[in-house]
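Note sheet for the following structure.
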Amino acid sequence: MTSMRFSRAFIPTLRETPAEAQALSHQLMLRAGLIRQLAAGVYSFLPLGWRVMQKVMRIIREEMDAIGGQEFHFPALNPIDIWQQTGRVEAMGDVLFHIKNREGLVLAPTHEEVVAFHARQHVKSYKDLPQIWYQIQPKFRNEPRPRFGVLRGRQFTMKDSYSLDATWEGLDESYEKHARAYRRIFRRCGLRVFVVGASSGAMGGSASQEFMVESPAGEDTCVVCSQCGYAANVEVARSAVEPTARLPESHPLERFPTPGVRSIDDLVARGIPEERCAKALVYIADGQPLMVLLRGNDELNEAKLQAVLQAVWLRPATPEELQRFTGASAGSIGPIGLPTPMPVIADERLRDANELVSGANVDGYHFRHIDLQRDCRIEHYADIRTVQAGEPCPQCTAPLRIVRAIEVGHIFKLGTKYSEALGAFFLDEHGQERPIIMGSYGIGVERIIAAFIEQNHDEHGICWIPAIAPFHVHLLALGVEREEPVRRVAEQLYQELWDSGVETLYDDRPESAGVKFKDADLIGLPLQLIVSPRSLHSGGVELKERRSGKRHHVPVEEARAAVRQLLHQLSEEPQWATLP
RNA sequence: CGGGACGUAGCGCAGCCCGGUUUAGCGCGCCUGGUUUGGGACCAGGAGGUCGUGGGUUCAAAUCCCACCGUCCCGACCA
């Protein structure tokens with residue numbers, strides 16, 4: 001029997017919040033004795049925290065095995081040459097840890113290369129495919145800025161899996177299997193997730209989706225519709241804002257003085273409707289200047305612009321560059337009469353609009369009656385604006401919300417980038433040599449835990465669900481050190497509960513009732529079983545549900561059955577999660 | 001990598017400006033004894049510190065100066 005007496009256990013709870021902990025999940029993980037920091041972005045998991053990790057990993061294993069995944073154990077120490085072959089030593093830059101006193105070795109931040117390496121060794125025929133390989137292992141990334149405890153660390157645990165397929169249809173299937181497994185994993189872990197389309201970034205490949213958990217501690221900003229389920233990273237999100245109407249009459253272009261006007265708001269203050277204003281910005285993309293036109297106070301989305309331009313480097317022009325390229329300073333810049341010719345990218349919302357006001361490229365002057373069709377050469381129109389809260393959903397027109405979110409999972413259709421780079425080819429049924437088609441799928445294990453706590457806590461502490469709680473029941477014996485009947489009943493229940501498979505943390509310390517209650521609420525096991533002189537007087541023991549605070553009084557003999565029944569109920573009731 | 005802040009006992013902090021009664025303090029925690037006993041008890045006694053590290057200024061440095069290290073925050077970056 002596992003013995004878990006609080007008096008002997010290493011569960012260093014903290015009364016006060018350590019100063020460095022910002023995020024709530026971080027504070028609670030420290031206070032409840034789940035983790036301790038070793039260095040910036042590097043954490044030890046203490047016994048309680050490690051039990052949670054193991055439970056989450058077990059759920060992941062079950063679901064990965066259920067889609068035919070095979071568990072591996074890949075080394076964290078990698079020869080650098082496989083990373084050079086895929087060009088990722090460059091791409092990763094400082095994020096990749098290099099071993100200093102042993103040239104040629106790096107610490108793996110992920111394992112596409114290793115997978116492709118082994119696939120090359122042994123996957124030779126279409127008959128060997130498909131495969132799903134996975135592992136749950138530490139990953140090392142030299143994050144420039146570790147943050148929020150375990151949410152962004154330099155070492156963390158990832159479930160990473162890799163699909164190997166002979167055909168693109170096969171890849172689609174492997175990808176869908178993962179998408180379904182991921183939903184089950186997150187649901188079983190008590191997380192409300194939403195899925196957003198994402199750019200595959202430095203990973204390469206065609207499609208990717210992120211599994212997000214809404215939380216103020218999140219590092220991603222997402223746009224979500226609570227009506228229809230539309231969700232997207234703000235970097236790609238759209239909304240159904242109305243376009244700028246083309247007015248029936250186009251007046252002749254006219255320059256007019258606007259002394260002191262520095263912003264769209266200044267123009268609006270002079271009686272010009274915001275929707276007729278065209279805001280011009282100058283950006284430098286891969287060394288070349290270009291102009292961006294947005295409607296009124298719309299905000300440029302640099303990620304979208306970068307994607308449209310396929311630019312590697314993108315930055316706003318400096319005030320000096322503005323002067324040099326346009327002859328004016330910010331506030332008086334516009335697409336008409338540019339001294340330096342440059343491409344103009346306009347937001348979709350301004351498509352073919354007329355009767356616009358924009359800067360004249362002379363400080364203190366603007367043009368009015370601008371007709372983008374008549375007066376300008378627009379290189380192209382694209383969606384480059386940032387969606388704002390309250391704008392109508394592109395699918396159902398309900399108001400959109402903007403939320404912060406934690407990325408707990410990410411799935412990619414990689415394609416053949418890695419197999420080609422590392423020479424992982426197979427022969428298809430026609431004897432033709434082809435690169436293996438890969439997918440890669442990650443889950444941040446610590447992030448599941450932190451995200452869960454972000455969503456499941458109150459002012460007293462964590463509120464676990466049975467599936468991932470470090471233990472199921474917190475048995476509190478009040479006054480054990482002096483009340484023999486309390487001790488006897490508590491010991492008996494402790495024994496019985498473990499015997500019937502209920503993981504029980506037994507607080508047998510000679511501490512005051514208050515201390516024990518506070519620790520129990522902080523640690524947050526789903527059920528508290530209280531044995532005290534008072535409860536025995538009234539004929540038994542007391543059961544308290546941590547989350548709801550509901551209390552039940554039961555005779556000692558019925559305690560075990562009541563515990564099992566309540567645990568069952570707390571596991572079944574999806575009070576903590578709704579599947580989208 | 002740019003900007004900012006911090007580093008004094010296990011945790012939270014004061015002292016630093018204006019150097020010297022400081023034997024470096026307070027709360028929590030810890031140890032001993034007693035009292036208490038269902039929501040972080042009380043009384044008494046006690047242990048615990050190279051004041052991040054190194055150098056400099058000075059008769060004298062936790063306190064002033066320089067460098068380094070560490071940690072946190074904002075930004076950049078981020079499969």
Side-chain angles (χ1 to χ4, degrees), chain A residues 12-23 26-27 30-31 33 36-42 83 86-88 91-96 108-113 139-149 151-154 156 158 160-162 198-205 208-210 219-220 233 235 302-303 306 313-316 407 409-414 417-418 438-444 459-461 476-483 486 507 509-522 528 530-538 541-542 544 549 551:
Chain A
T13 57
L14 297 175
R15 185 179 297 215
E16 288 175 285
T17 303
E20 72 272 10
Q22 203 61 37
H26 188 196
Q27 296 176 358
L30 289 169
R31 288 225 293 135
R36 283 297 179 269
Q37 183 177 47
L38 186 60
V42 183
W83 288 84
T86 57
R88 287 171 108 195
M92 290 268 169
D94 277 345
V95 171
L96 187 65
T110 171
H111 281 83
E112 282 80 9
E113 279 77 359
K139 293 284 181 284
F140 299 87
R141 293 182 193 180
N142 186 21
E143 293 290 348
R145 191 179 159 200
R147 246 188 289 213
F148 300 140
L151 274 173
R152 175 166 293 269
R154 291 207 166 103
F156 59 98
M158 176 183 264
D160 45 325
S161 48
Y162 305 90
S199 71
S200 37
M203 287 292 287
S208 99
Q209 285 172 299
E210 293 173 327
E219 295 186 274
D220 292 272
N233 194 299
E235 293 180 2
E302 289 189 15
Q306 188 160 13
W313 272 100
L314 183 71
R315 62 171 176 85
E407 176 190 345
H410 202 157
I411 57 179
F412 294 90
K413 291 184 185 176
L414 288 181
K417 171 178 170 175
Y418 297 92
M438 291 177 60
S440 120
Y441 316 89
I443 288 180
E459 68 271 32
H460 303 294
L476 314 200
L478 306 186
V480 252
E481 69 279 13
R482 56 180 184 278
E483 301 282 346
V486 169
D507 194 344
R509 296 174 300 172
E511 289 285 352
S512 74
V515 169
K516 293 188 178 187
F517 283 133
K518 290 291 184 189
D519 272 344
D521 286 349
L522 178 60
Q528 294 171 16
I530 301 152
V531 185
S532 70
R534 183 197 287 185
S535 78
L536 293 179
H537 266 294
S538 50
V541 296
E542 185 177 333
K544 180 186 146 191
R551 290 168 190 271

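Keep in mind that the numbers below use all heavy atoms, side chains included, and drop hydrogens, waters and symmetry copies. Proteins come first, then strands; the chains are lettered A, B, ... in the order of their sequence lines, and each starts at number 1. What you are looking at is a predicted structure, and each value in this text was computed from that prediction instead of being measured.
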Please check the phosphate of B:rG29 (OP1 and OP2 only) for any side-chain N or O of A:Arg15 closer than 4.0 Å.
yes

Any side-chain N or O of A:Ser512 below 4.0 angstrom from OP1/OP2 of B:rU37?
no

When we call it a touch if two heavy atoms are under 4.0 Å apart, what does [X] touch: a base, just sugar-phosphate, or nothing?
| X | answer |
| --- | --- |
| A:Glu219 | nothing |
| A:Arg31 | base |
| A:Asp521 | base |
| A:Thr17 | sugar-phosphate |
| A:Pro109 | base |

Rounded distance in Å - [atom1] ([X]) to [atom2] ([N]):
| X | N | atom1 | atom2 | result |
| --- | --- | --- | --- | --- |
| A:Gln37 | B:rG70 | CD | P | 13 Å |
| A:Glu143 | B:rC1 | CD | P | 15 Å |
| A:Leu14 | B:rA9 | CG | C1' | 15 Å |

When you measure from the side chain of A:Arg145, which nucleotide among B:rG40, B:rC74, B:rC13 comes out closest?
B:rC74

Looking at A:Glu16 and B:rG29, is any side-chain donor or acceptor paired with a base atom of the opposite kind under 3.5 Å?
no

Give me the atom names and distance for the closest heavy-atom approach of A:Met92 to A:Thr110.
CE-CG2, 4.3 Å

With a 3.5 angstrom cut-off on both distances, give the Watson-Crick or G-U wobble partner of B:rG40, or none if there isn't one.
none

Determine which nucleotide pairs with B:rU63, using a 3.5 Å limit on both distances of a Watson-Crick or G-U wobble pair.
none

Please give the distance between the P atoms of B:rG56 and B:rA61 as a whole number of Å.
12 Å

